[in-house]
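The residues of the chain are indexed from 1 along the displayed sequence. What you are looking at is a predicted structure, and each value in this text was computed from that prediction instead of being measured. Every number for a ligand or one of its atoms is a count from 1 in the order of the listing.
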Amino acid sequence: MISGAELLELVKNDLREAIPRPKYEVLIRPLRLQEIGENRIVLLAETESLKHWLQEQYFQQIKETFQKYLTKPVELEIDIVQGSLFQEGEQVDLLELVEASAPVPSPPVKRTVLFNPRFTFENFVVGESNQFAYSACLAVSQRPGFAYNPLFIYSGVGLGKTHLMHSVGQKILEKHQDLNVLYVTTEKFTNDFITKVRNNQLPDFHKKYRSCNCLLIDDIQFLAGKTETQAEFFHTFNYLYENGRQIIISSDRAPRSLRSLDDRLVSRFAGGLITDIQEPSFETRLAILQKKAALEGMKVTDDVLVLIAENITSNIRDLEGALIKLVAYSNHLADSGPITLDMANKVLRDVLPDPQRPIVTNLRSIINVVCDYFKVDRNLIMSSNRSKNVALARQIIMYLAREYTSLSLSQIGLEVGNRDHATVLYSHRKICDDITEDPFLELTISNLTKLIR
Ligand code: ADP
Ligand code: MG
């Protein structure tokens, strides 16, 4: 027989191998055991946001790892440490809020899922990559059942589908507290169906899913290969659709690419509005980080956010993960000053490109990168133009060429508008000197260095 603490250690060891190290350090390592019963385990996270992240990302994996050692199914719960130094205000219990403010006579609507209070339209940063999906969701939340039905949203992982669905749900409930808005993951829908069939309670299942005014079903790609659940979903869909109820579906790919899904379903999906979310631009990534930092009251300077936004490009969840890791780290320092670039580079070592990696580059790509960065025409660099921006870009090109290519001073001079070697030497020295005094220049050089790798 092993103790609860030993069991938790075993589970943590497994998870350390299975998930990215920064996430392990921030999310898993600090977990504590609150309770271990016959069929129930309660873990403690330090803050509400850590709890939320655990539930979003690793809940199933943690649960399965416990089950592996216990060799039986268990219920897993994650709570927050009471009275923790890191506790962030009261948790909002939307269920209570909604029910407390609903008109008294109407029978209380039973809500099985609470929406994430952070996943609102107000907290969603709109950029070119998600503008269309955002507008469609907003329209649906204003006129559920009428604007676009069904609404189908697809994108790669971590780009905001779940966030938008929760936003719609919460917006509808703000205005229409009596409506029954149901958010489910496809996994939950499937499990519900299997359980109810097994227990001969199919009518309960129908009652639950057919009585809602708005069904938000997340990650529909997981219906692939589940023929019976698909058939059931098809009937649910038709019932809701024919009765003018709103349906929003999310998926990791477009309907036509959902190969193993029944054609009848795919054509139903295609009958409404289909919208996708692309990877966010640098500006959107930065804006998301700024918003997130402001929302959480984090003391982070823009250069740190730029560092993250530049290096984590394809997944907003990872973007936020890096920020949370930094904040978790600085929270644990005795001196809780602002997070510095230096600290960020250290803490985020695993997620940022390795600074030791040798740089393989040539002068042409340096010129291209610097011209793009400064929005300066290549011909101006080659010319004798001495305007401030052009002169600085030219000096930086010569500096980077000296640092990161094996060309001689004369060769560099020749390639940068036929200048002599002394000019190249002077430029290189000037940048070296200025960097030490001008943090903006330092940041510029560090950004450019990453871009030319
Ligand atoms: P998906 O469901 O597409 O995998 P999520 O909706 O779970 O992605 O988003 C992952 C994380 O990124 C969430 O914490 C979410 O709040 C955040 N996020 C995604 N898009 C945005 C955005 N445009 N503005 C602010 N936060 C965003
Ligand atoms: Mg999701």
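- At distances below 3.5 Å, not a single donor-acceptor pair connects side-chain atoms of Arg32 with backbone N or O atoms of Leu44.
- Looking only at protein heavy atoms, the nearest one to atom 7 (O) of ligand 1 is Arg317 NH2, 2.7 Å.
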query: Would Leu151 and Cys137 satisfy side-chain contact (heavy atoms from CB on, under 4.5 Å), going step by step from the backbone distance to the final call?
result: CA-CA 8 Å; Leu151 174 62; Cys137 285; 3.9 Å; yes
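- In this structure, the protein non-hydrogen atom closest to atom 4 (O) of ligand 1 is Gly158 N, 2.7 Å.
- Electrostatic pairing of Glu232 and Lys226 does not count as a salt bridge here, judged by no charged N lying under 4.0 Å from a carboxylate O.
- Of the heavy atoms in Glu56, only side-chain atoms (C-beta onward) come closer than 4.0 Å to ligand 1.
- The parts of Thr162 lying near ligand 1 are both backbone and side chain, judged by heavy-atom distances below 4.0 Å.
- In terms of polar-atom proximity, defined here as any N/O pair under 3.5 Å, Leu164 makes no such contact with ligand 1.
- Between Lys12 and Leu8 the shortest side-chain heavy-atom distance falls below 4.5 Å.
- Atom 21 (C) of ligand 1 has its closest protein heavy atom at Phe124 CE1, 3.7 Å.
- Nearest to atom 26 (N) of ligand 1 by heavy-atom distance, out of Glu320, Lys291, Lys292, is Glu320.
- Considering backbone and side-chain N/O of Val157, none are found under 3.5 Å from N/O of ligand 1.
- Nearest non-hydrogen protein atom to atom 15 (C) of ligand 1 is His163 ND1, 3.4 Å.
- Of the residues Phe152, Phe234, Tyr241, Tyr154, the one that meets the ring pair (Phe, Tyr, Trp, His ring centres under 6.0 Å) test with Phe269 is Phe152.
- Using modelled atom types and a 3.5 Å distance limit, the side chains of Gln290 and Asp302 yield a donor-acceptor pair.
- For the pair Arg210 and Tyr239, the cation-pi test (distance below 6.0 Å, angle within 45°) is passed.
- The part of Asn123 lying near ligand 1 is the backbone, judged by heavy-atom distances below 4.0 Å.
- Distance from atom 24 (N) of ligand 1 to its nearest protein heavy atom, with residue and atom name: Val125 N, 2.8 Å.
- Using a 30° and 60° split on the angle between ring planes, Phe205 and Tyr209 fall in the tilted class, from 30° to 60°.
- Salt-bridge check for Lys188 with Asp192: passed, with a basic side-chain N closer than 4.0 Å to an acidic carboxylate O.
- Taking backbone and side-chain atoms together, Met165 has no N/O/S atom less than 2.8 Å away from the Mg ion (ligand 2).
- The protein heavy atom nearest to atom 18 (N) of ligand 1 is Ile316 CG2, 3.4 Å.
- For ligand 1, one of its N or O atoms has an N or O atom of Gly160 under 3.5 Å away.
- For ligand 1, none of its N or O atoms has an N or O atom of Phe119 under 3.5 Å away.
- A salt bridge links Lys171 to Glu122: at least one charged side-chain nitrogen sits closer than 4.0 Å to a carboxylate oxygen.
- Close contacts of ligand 1 with Asn130, meaning ligand atoms under 4.0 Å from a residue heavy atom, involve 23 (N).
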